[in-house]
*Asks:* 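Please see the structure below; I have some questions.
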Protein chains: 2
Amino acid sequence: MTKKRVTLADVARLAGLSTTAASMILTGRPDTRLSVEAHAKVHAAAASLGYRPNVAARALRTDKSRSIAFISDYVATTRFASGLIRGALAAAEEAKHVMLVLETGGEPAREIQAVEAALDRQVDGLIFAAMRAREVFVPDLPINVPTVMLNGTSARFPVSVLPDEYRGGQRVVERLLEAGISDGVVLLGHNAEVEAGLFRSETIARRFAGIRAAMKAADMAFLAELSCWNWEPGHGYELTRKVLKSTRPRAILCLNDRLAFGAYQALAEARLSVPEDVAVVSFDNDELASYLRPGLTTIGLPHEEMGRRAVELLLGEASAPQLIEMPVIERGSLPRV
Amino acid sequence: MTKKRVTLADVARLAGLSTTAASMILTGRPDTRLSVEAHAKVHAAAASLGYRPNVAARALRTDKSRSIAFISDYVATTRFASGLIRGALAAAEEAKHVMLVLETGGEPAREIQAVEAALDRQVDGLIFAAMRAREVFVPDLPINVPTVMLNGTSARFPVSVLPDEYRGGQRVVERLLEAGISDGVVLLGHNAEVEAGLFRSETIARRFAGIRAAMKAADMAFLAELSCWNWEPGHGYELTRKVLKSTRPRAILCLNDRLAFGAYQALAEARLSVPEDVAVVSFDNDELASYLRPGLTTIGLPHEEMGRRAVELLLGEASAPQLIEMPVIERGSLPRV
DNA sequence: TGCATTTGCTAAATGCTTTTAGCAGGGGGA
DNA sequence: TCCCCCTGCTAAAAGCATTTAGCAAATGCA
């Protein structure tokens, strides 16, 4: 019922040439000495038959499959992390590659299986993506294809794509200054261990470092530093409520948008308006940020750009880690000057 | 430098048998008459060499690649839609398949390319996923592999996986009744065209139908029906504000969580508390729903389960559309009785 | 013992493309 | 005229696993 696949031999036959000729012409080899007419005939034949090369056969011969694997711990636990995938997907498509997505839940056994499954399929490259930036576990298997780390690092594979958190940290402080705020700033989400880079992620440590550096450069100090372990809305809410009992900040600098969300809730309860009474600024550009009233000004995690860059690095040549700029997303939670 | 791949021939040689024997033993053919010792020797040889079959060669021969393609319009525009991917990924992994993810942005040209790219790679099945449930455009190409529609429908491919919106619609009303609310309910997000199934999605039309049916069964009527085209927080906020000027509802039934989010904002501004003054209930189980204070009770879109089911249908045998139950996710936005 | 099965295994073909090695014929130089 | 080189093309091998067809030895049955 289903028509048999059109093969290269069919094309060659129709063109009246050998498969060798057809292959060379269709793959666009530059050094060939085939005539212009031969080119024309082969292309015409391929087009009229609707020829599509058999990727498996080609992969068997060339060990290239025009596909890459995207191996991540979690696809979407932090919800905008899908931006990583989206960016990678777009870049892969442009390069006419296809992307295998594999999820490991961070479990070593599944990591191993994922890498094997990918390698078995002769992928041309591996991307290890971490949903929260951190040192990534890479299984100790022989990996003989280009590999890049996305939103994470690995001692074994030096090519990585990370957000430029240090610069982002500086920016948020600079942005506060531009808005005329140089004191009365509360830091929400501070955590000593994280800051020391002991836990969670070194990139967040760099975010802190950038903030500290810019504060120092501007001769500023925080009114208070509110510490918490998890950065969920509930924590932001509680901490903000607590701080409002004793003091009245001019601004709250939140370490992520979910904390900011909680802060908004506490501010609304206290009948304080953003940004007139209290300004809020944050990190991530979570989808949430646009839902808040007023919209939350935040330093965005450039996930889509990062995903894209990872694929470009993989398919091009690269050996150095890449830092992607974190844009400041202007909404309405800082006063206009 | 890189060691050459170990092939089946290597395994056979080490085992002292033919590649035929090795192949039959490793692929676990049932009808074989090879001896127990032969089995043992081949397995031992394969293990000691770390043999992994070359998937390309196998695909070339068998036309099976142990991979499926997940072709979607948008990966994550609605953010929890990644649940579809996550569920599919998990099921694929269990079936030892690998998943190609392709994004088309809903553009016909990219759809065609995506299908071709997938077919070229001999995928064993196609999933067409739509981020908002609707009739999906499937390119008019010969597709000779099993295909299932996920969160959408197609005249050409009858196998689909959809949320059971009709039942979900009934449930939300039943849940309201259980909470002791039988009047003073405002419907937020009504839209005549949508309800008639003319636009957007028939599944949302079914959601309406379920709601209407349950209302009628309980002899209830809405206090008001607030119409809007897009279901974003801003609209929920505006409409709720407006309705609060003229009346004081007992409950707001929102068509999605983002509308509910806006409603919360308006209620907070009006100093009305949830659920004591006004109860809120909604649809989707957006991540948002857990961030709100109090948490939003909502009829969940079972995306993960849907993705999983799609893969199971693809790899098993199935011919009928599947309706997946929408769970009611209890949080705190309805009064306890 | 003689013949038919069964058992246990293998040679070789197959799937489709890429690539190496090389052929036939024509032209140019000496 | 002879030799070499270039042009335009092709035959055949290689890449690796699956599968068909079939062989040799052992066993069963009469």
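Worth saying up front: this structure is predicted, and the values here are computed from it rather than measured. Chain identifiers are assigned alphabetically (A, B, ...) following the order of the sequence lines, protein sequences preceding nucleic acid strands; residue numbering begins at 1 within each chain.
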*Asks:* Is there a donor and acceptor pair, one atom on the side chain of Arg61(B) and one on the base of dT18(D), closer than 3.5 Å?
*Replies:*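 Yes.
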*Asks:* So do Leu162(A) and Arg206(A) actually touch side chain to side chain, heavy atoms under 4.5 Å?
*Replies:*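 The answer is yes, as the side chains (C-beta and beyond) meet within the 4.5 Å cut-off.
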*Asks:* Look at the side chain of Ser23(A) and decide which nucleotide, out of dT19(D), dT19(C), dC16(C), has an atom nearest to it.
*Replies:* dT19(C)
*Asks:* How close do Ala46(B) and Leu26(B) get, heavy atom to heavy atom, and via which atoms?
*Replies:* CB-CD2, 4.1 Å
*Asks:* Once you round it to whole Å, what is the distance between C1' of dG15(D) and CZ of Arg58(A)?
*Replies:* 15 Å
*Asks:* Report the nucleotide, chosen from dT18(C), dT10(D), dG8(D), that has the shortest atom-to-atom distance to any side-chain atom of Ser35(A).
*Replies:*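 From the listed options, dG8(D) comes nearest.
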*Asks:* With DNA chain D as reference, determine whether Asn54(B) or Ala21(A) sits nearer its 5' end, using the nearest nucleotide of each.
*Replies:*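 Result: Ala21(A).
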*Asks:* Report yes if a donor N or O on one partner sits less than 3.5 Å from an acceptor N or O on the other, where the partners are the side chain of Thr20(B) and the base of dA11(C); otherwise report no.
*Replies:* yes
*Asks:* What pairs of nitrogen or oxygen atoms, one from the protein and one from nucleotides 22-27 of chain D, lie under 3.5 Å apart?
*Replies:*
none

*Asks:* Going by heavy atoms in the side chains, are Thr147(A) and Phe128(A) under 4.5 Å from each other?
*Replies:*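 A side-chain contact under 4.5 Å exists here.
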*Asks:* Of the nucleotides dT18(C), dA17(D), dC9(D), which one has an atom closest to the side chain of Leu17(A)?
*Replies:* dC9(D)
*Asks:* Rounded to the Å, how far apart are Leu34(B) CG and dT10(C) P?
*Replies:* 8 Å
*Asks:* Taking side chain as C-beta onward, heavy atoms only, is Phe157(B) less than 4.5 Å from Ile143(B)?
*Replies:* yes
*Asks:* For dC16(D) and Tyr51(B) - does any side-chain N or O of the residue sit under 4.0 Å from the phosphate oxygens OP1/OP2?
*Replies:* no
*Asks:* Using heavy atoms to find the nearest nucleotide of DNA chain C for Ala56(B) and Thr27(A) separately, return the residue whose nucleotide is more 5′.
*Replies:* Ala56(B)
*Asks:* If you define the side chain from C-beta out and look only at heavy atoms, does anything of Ile85(A) sit under 4.5 Å from Ile85(B)?
*Replies:* no
*Asks:* Is any side-chain heavy atom of Val138(A) less than 4.5 Å from a side-chain heavy atom of Met149(A)?
*Replies:* yes
*Asks:* Would Lys41(A) and Glu37(A) pass as an ion pair if we require N to O under 4.0 Å?
*Replies:* no
*Asks:* Could you check Gly16(B) against Thr62(A) and say which one's nearest nucleotide on DNA chain C is further toward the 5' end?
*Replies:*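 It is Gly16(B), whose closest nucleotide lies nearer the 5' terminus.
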*Asks:* Whole angstroms only, please: what is the CZ-P distance between Arg52(A) and dT17(C)?
*Replies:*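 After rounding, the gap between these two atoms is 12 Å.
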